Engineer: 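This is the structure I want to talk about, given as structure tokens.
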Protein chains: 2
Amino acid sequence: MTSATETPKPNLLELLWRAAPEAGRGPRKGLTVDAVVAAAVELADREGLEALTVRRLAQELGKAPMTLYTYVPGKTELVALMLDFLFISMERTEVGGRPWRERLAAVAQDNYALYRAHPWAAAASPSRPPLGPGQCAKYEHELQALEGLGLGDVEMDDVLAHLLGFVRIAAQDAAQADAERAASAMSDQEWWEANGPLLAKVLDPERFPTAVRVGQAAGEAHDAAYDADHAFAFGLERTLDGLAPLIER
Amino acid sequence: MTSATETPKPNLLELLWRAAPEAGRGPRKGLTVDAVVAAAVELADREGLEALTVRRLAQELGKAPMTLYTYVPGKTELVALMLDFLFISMERTEVGGRPWRERLAAVAQDNYALYRAHPWAAAASPSRPPLGPGQCAKYEHELQALEGLGLGDVEMDDVLAHLLGFVRIAAQDAAQADAERAASAMSDQEWWEANGPLLAKVLDPERFPTAVRVGQAAGEAHDAAYDADHAFAFGLERTLDGLAPLIER
DNA sequence: TTGTACTTAGTACGTCGTACGATGTACAAG
DNA sequence: CTTGTACATCGTACGACGTACTAAGTACAA
């Protein structure tokens, strides 16, 4: 055993809470973790999560790529920090004293707005994000919207997870629909010219009677293959309806 | 303009429906699209989606990497084919004549079972998969579970999308929880030794009273940070409760 | 003043998806 | 039967990626 200097390699939790031991010797740092994270969020917002590469981010910050590893141990940790960064500063509608349905709707809408503003976050966000300050503040605020409704503690957690899961999948689907529209160089017309004939042959109303009928009706109703905001509005009502028996019992 | 031979480059839809123009000249093909897709599914099942690389898949098939591009235009299309492959052969519980709640529960459970057996699929599956034969058969079957309940066509589509969205997010969360458990080299005990002190300091019951109380209760109730199957069971009941007012009106 | 812990940067490794070009095969046209 | 051509196959290579490693230089502690 040498008396080697253990480079303490900051833990993700320490990083999230900015509990790093505050360096002593050596040159001054030219950046902060926050600056790196903020720039990363801005880049991901602007050009999507797949454009967020270490090289690219370093370039925007005017540093060499490997320099970023002084601030963040790796890309996974960076994304976790980015998420918590969003959670810290997201809108939290105040709902004290309002009926439960409005309270939960506000929670859902705050989350949906967050994911719509930062589409990469919907895909990156796990159901149990690491316990950073943002996640904790968010959890606290959202649980308070569920206080006093006669739910047990475990039920409160179940209900919240259920509600937030709905919002996440709605936001994921919305983001993906947007991305597909943007990525497809084809106009709707071109697409139909290319694929219509085959589809007409293959979507046999005798083989798929219900599918053809319903699919057509849905497509015409939304004037598109998929209407994300409608799906969110519809799903939110259903989700709240589904919580009513538990809450109003 | 030369009279160049346009290599017709198979469309994704043509590929899904196996409507490729059936080559004429040249050496016999050593594989089929189905063989490639089946091997890819098996590899992804066995080692996860990130282990599914073109080189690796080619190796398992005894071919050179670039050879696969004769069968499939690219990796995105391969994943789409893999999904439709699952949809073709998935379990479809027969539910004719049963009450609506049982029917929808069966649809949800068939989907959940699919995603649990093929965890990569939950992440890869969009809300509107391309219209391959599997997706069509699936859509048809699932819509039939909604027939005769007094819903309009557009409502049937909305309801199904809502139900399937719930299943997808539940499966995603389950897969991710499993993956995290597997990836973390730490035991629970090691994790708490490493992170407990910081958490104790930072999870201040005065700052986050509800979060600390509820989080602890939920953690103890499930004996883990997250219990995916419980979340699915709970959420399914809530989701069906939420559809009741629409169906039983 | 000197030693040491640190930030920064350059280079490089192993991975990925896939473009390109050469080689050889088997059918179609002569 | 011969020959031309469309195609399957494969080796090589390119430009990305995350990041390990090393060297250089800086500013505080002793």
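First the proteins, then the strands, lettered A, B, ... as listed; each starts at 1. Predicted, not measured: the structure shown is a model, and the values here were computed from it.
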Engineer: Which of these passes side-chain contact (heavy atoms from CB on, under 4.5 Å) with A:Lys138: A:Ile88, A:Leu143, A:Asn111?
Structural biologist: A:Asn111

Engineer: Write down the distance between CD (A:Gln59) and C1' (C:dT8), rounded to a whole number of angstrom.
Structural biologist: 17 Å

Engineer: Mind calculating the distance between CG (B:Leu52) and P (C:dG17) to the nearest angstrom?
Structural biologist: 8 Å

Engineer: B:Thr67 has a side chain; which of D:dC10, D:dT5, D:dC17 sits nearest to it?
Structural biologist: D:dC10

Engineer: Are A:Arg128 and A:Asp157 close enough, and set up right, to give a salt bridge (charged side-chain N to carboxylate O under 4.0 Å, His left out), and what steps lead you there?
Structural biologist: CA-CA 11 Å; A:Arg128 299 281 151 159; A:Asp157 184 71; 3.0 Å; yes

Engineer: In whole angstrom, give the distance that lies between atom NZ of B:Lys63 and atom C1' of D:dC10.
Structural biologist: 10 Å

Engineer: Hey, does the side chain of B:Tyr71 come within less than 4.0 Å of D:dT9's phosphate (OP1/OP2), counting only N and O?
Structural biologist: yes

Engineer: Check step by step if side-chain hydrogen bond (donor to acceptor under 3.5 Å, both in side chains) holds for A:Gln176 and A:Glu180.
Structural biologist: CA-CA 6 Å; A:Gln176 188 182 307; A:Glu180 266 167 26; 3.1 Å; yes

Engineer: In this structure, how many angstroms lie between the P atom of C:dT8 and the OH atom of A:Tyr69, rounded?
Structural biologist: 15 Å

Engineer: Let me know the distance between NZ of A:Lys29 and P of C:dT8, rounded to the nearest Å.
Structural biologist: 7 Å

Engineer: Of the nucleotides C:dT11, C:dT4, D:dA8, which has the atom closest to the A:Met66 side chain?
Structural biologist: C:dT11

Engineer: Between A:Glu47 and A:Arg56, is the salt bridge (charged side-chain N to carboxylate O under 4.0 Å, His left out) condition met? List the steps.
Structural biologist: CA-CA 11 Å; A:Glu47 306 190 27; A:Arg56 182 72 197 284; 2.9 Å; yes

Engineer: Select from A:Gly26 and B:Glu50 the residue whose nearest nucleotide in DNA chain C is closer to the 5' end of that strand.
Structural biologist: A:Gly26

Engineer: Taking atom P of D:dA8 as reference, at what distance in whole Å does atom CG of B:Leu31 sit?
Structural biologist: 12 Å

Engineer: What integer distance in Å separates B:Leu68:CG from D:dC7:P?
Structural biologist: 19 Å

Engineer: Let me spell it out: for each of B:Gly30 and A:Arg56, pick the nucleotide of DNA chain D with the closest heavy atom. Which residue's pick is nearer the 5' end?
Structural biologist: B:Gly30

Engineer: Indicate, with a heavy-atom threshold strictly under 4.0 Å, whether A:Thr70 touches base, sugar-phosphate, or nothing.
Structural biologist: base

Engineer: Within the structure provided, determine whether A:Leu86 and A:Trp120 are in side-chain contact (heavy-atom separation under 4.5 Å).
Structural biologist: yes

Engineer: Side chain of B:Pro27 only, heavy atoms from C-beta on: which candidate in C:dG17, C:dT25, C:dG10 is closest?
Structural biologist: C:dT25

Engineer: Could you check how far NZ of A:Lys75 sits from P of D:dA20, rounded to whole Å?
Structural biologist: 15 Å

